[in-house]
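Structure first, then comments.
Note that these values count all heavy atoms, side chains included, but never hydrogens, waters or copies made by symmetry. Reminder, nothing fancy here: chain letters follow the sequence lines and each chain counts from 1.
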Amino acid sequence: MNGINSGFGAWNPLVWTALFLGIVAVALAIRALGRKDYKKKTGQTKVYLSGNEEPEPEDLHVRGDALYWGMVEALSGYYRRARALHTGILSDYFAWIIVTLGIVFVLLAVGR
Amino acid sequence: MTGGIGAAIWQGATVLIGGALLGLVYKGIDRKLAARMQARIGPPLRQPFFDVVKLLAKENVVPDHAIAWLFNGAPVVSLAAVSSLLFYLPLGGFAPLLGGHGDLVLVIYLLAVPAIAMMVGGFAAASPYASVGAQREMVMLMSYEFPLVIALVSIAWRLSTILPEASVFSLSVLAANPLWDWVGPLGAVGLVLLALALLVVTPAELSKIPFDIPEAETEIAGGLLAEYSGRNLALFYLADAVKTVAMAALLVALFFPYGLADRLWLSGPLAGLVDVAFFLIKVLVVVFFSVIVVRVGFARLKIDQAARLFWIPVTGISLVGMVLLILDRVA
C-alpha cells in the first residue's frame, strides 16, 4: 500500500481508510453496549424548545445570510468595503484579477 | 509476519484504549481543578467514567423530524476521526504508529472532522437550538482554522530551511528537531507567539469556555448537543475526551518534545516509563493553562466576538510569529 511521499511529508489514503473503518467498528461496538430503546412518537421525541411550539420542519431551513451571521458581523468593516467593490461590471472583475496576479508575481519574484 | 501483525494490533489497541482512558482522566482532573478554583469540592476524578456508563444506560432519543442516519452517524464519525488522529501523533516519547503514512496536513484535516460531524448532527436534529449551535460551530471552525494553519505551516517551513532534505511535515521529524534548538532570538520570539496563538486556538478546538458558543447551555440549552442523549451523547463525550489528549499532544510535539530520560542518563524500560510519565505531565500542563485556567477565568464570548478575536488579534499574532521566523532565517 504505497502512498504519496512528497519529500515534505507523506499521505496514504488506503491506510487511513482501513484505520478509520476499524475504529468505526470499535465505536459501533461501544454504541451497541448502550440502550437502544426510546418512546417513539411521544412528547419525548419532540425537540426541546423551552416550552415553545415546535416549528414545522420546512420552517427550519437556515438562510445563507443567517448561516454566516457571526462571521459577517465580526468582520463587518471588511464586508462593507468588499460589497462596495462588487460593481457587477465584468471589466472591473478582470482588472481585480490582473492586479492581484501582478502582486502575486511580484511577491514570487522578490521571494526567489 | 504474524508476530508483526499481532504487535501492530496490540500497539493500536493500546493507543485507542489509552487515548480514551487518558482523555477521561484529564476530564476528571479538569473538573476537579476547576471546582477547586471556584471554591467547590467538585466531582471525584472518576466521574467522567461514571458519566459514560450512565449515558450508555439512558434512552437514546431520536427526534421525530431528525434525519436518523445522519443524527446517529455523526457521533460515530466524530469518535472514529479523532481516535485515528492519535495514530499520527508522537505519544509519550514514542514515534507515531502511522507516522510514515500521514503528516501534519492530515492532522489539520482530522482535527476539523469532529467539529464538522457535530455540525452535521446538529443540523440533522431538526431542532432550532441545534441548528443555531451548528451555525455557530461553522463560524468557529472558519475562525480558528486560519491562525492554526499559519502556526503549523510556519513551523514546518522554518524547519525546511534548516533541514532541506527532511520530511518537515512529518510529526516524527518535527518532534525530533525542536525549532528552539536552531533559531536565534527573533525566531524564539516568533515561536513564543505561535505557541501563544495555538494555546488560544486549543479551547476553541475543544469547544471550552469562553468558546463553547455552539453549545452554550445557559443560552441555547446545549445547542448542537441539545437533542443528543444516551449512547450517541456518550460517543460525543468520548470524542471530546480523546480530542483533548490529541490537541495537547500536538502542542507538546511541536513546542515541548524534549524527553527527561536522556537528561537523567536513564536507559531501558525505566527510560521509557520516565518519558511516558513526563509526557503525561506535559499534556496536563497544556490542558491546565489552555483549558482549565481559561474556562474558570473567562465568561463565554458572543459568536461575533469570538470570530473577531480569531480573525484579527490571534491571526495577527500568528502572522507576526511567521514574519519573525522569516526574519530569523534572513538574519
> Are side-chain heavy atoms of A:Leu75 and B:Ile312 found at a separation under 4.5 Å?
Replying inline: yes
> Side chain, backbone, both or neither: which part of B:Leu110 has an atom under 4.5 Å from a heavy atom of chain A?
Replying inline: side chain
> Most heavy-atom pairs under 4.5 angstrom with chain A, which of B:Tyr129, B:Phe123, B:Phe169?
Replying inline: B:Tyr129
> To the nearest 0.5 Å, what is the distance between CG (A:Asp37) and CG (B:Asn60)?
Replying inline: 9.0 Å
> Within residues 226-233 of chain B, which positions have a heavy-atom distance to chain A below 4.5 Å?
Replying inline: B:Glu227, B:Arg231, B:Asn232
>> What part of B:Leu238 gets within 4.5 angstrom of chain A, counting heavy atoms only: side chain, backbone, both, or neither?
In response: side chain
>> Only heavy atoms, only distances under 4.5 angstrom. Which residues in residues 134-147 of chain B are near chain A?
In response: B:Gln135, B:Met138, B:Val139, B:Met142, B:Ser143
>> Contact between A:Arg31 and B:Val76 at the side-chain level, heavy atoms closer than 4.5 Å - yes or no?
In response: yes
>> Between B:Asp304 and A:Glu73 (side chain of the first, backbone of the second, donor and acceptor by atom type, cut-off under 3.5 Å), is there such a pair?
In response: no
>> Using heavy-atom distances under 4.5 Å, tell me whether B:Ser84 contacts chain A through its side chain, its backbone, both, or neither.
In response: both
> Is any side-chain heavy atom of B:Leu106 closer than 4.5 Å to a side-chain heavy atom of A:Trp11?
Replying inline: yes
> B:Val77 versus chain A, heavy atoms under 4.5 Å apart: side chain, backbone, both or neither?
Replying inline: both
>> Checking B:Trp311 against A:Tyr78 for the side chain to side chain contact (heavy atoms under 4.5 Å, CB included) test, could you report, in this order, the C-alpha distance in whole Å, the side-chain angles of both residues, the deciding distance, and whether it holds?
In response: CA-CA 11 Å; B:Trp311 272 99; A:Tyr78 163 77; over 6 Å; no
> Which bit of B:Ala166 is near chain A, if near means a heavy-atom gap under 4.5 Å: side chain, backbone, both or neither?
Replying inline: backbone
> If you count heavy-atom pairs under 4.5 Å with chain A, which of B:Ile303, B:Asp64, B:Val105, B:Leu309 comes out on top?
Replying inline: B:Asp64
>> Within the 4.5 Å heavy-atom criterion, are A:Leu19 and B:Tyr88 side-chain neighbours or not?
In response: yes
> Under a 4.5 Å cut-off applied to non-hydrogen side-chain atoms, are B:Phe87 and A:Ile23 in contact?
Replying inline: yes
> At a heavy-atom separation under 4.5 Å, does B:Ala125 approach chain A through its side chain, its backbone, both, or neither?
Replying inline: backbone
> Which residue out of A:Ala27, A:Ser76, A:Gly22 racks up the most heavy-atom pairs below 4.5 Å with chain B?
Replying inline: A:Ala27
> Take atom OH in B:Tyr109; do more than 12 heavy atoms of anything else shown fall under 6.0 Å from it?
Replying inline: no
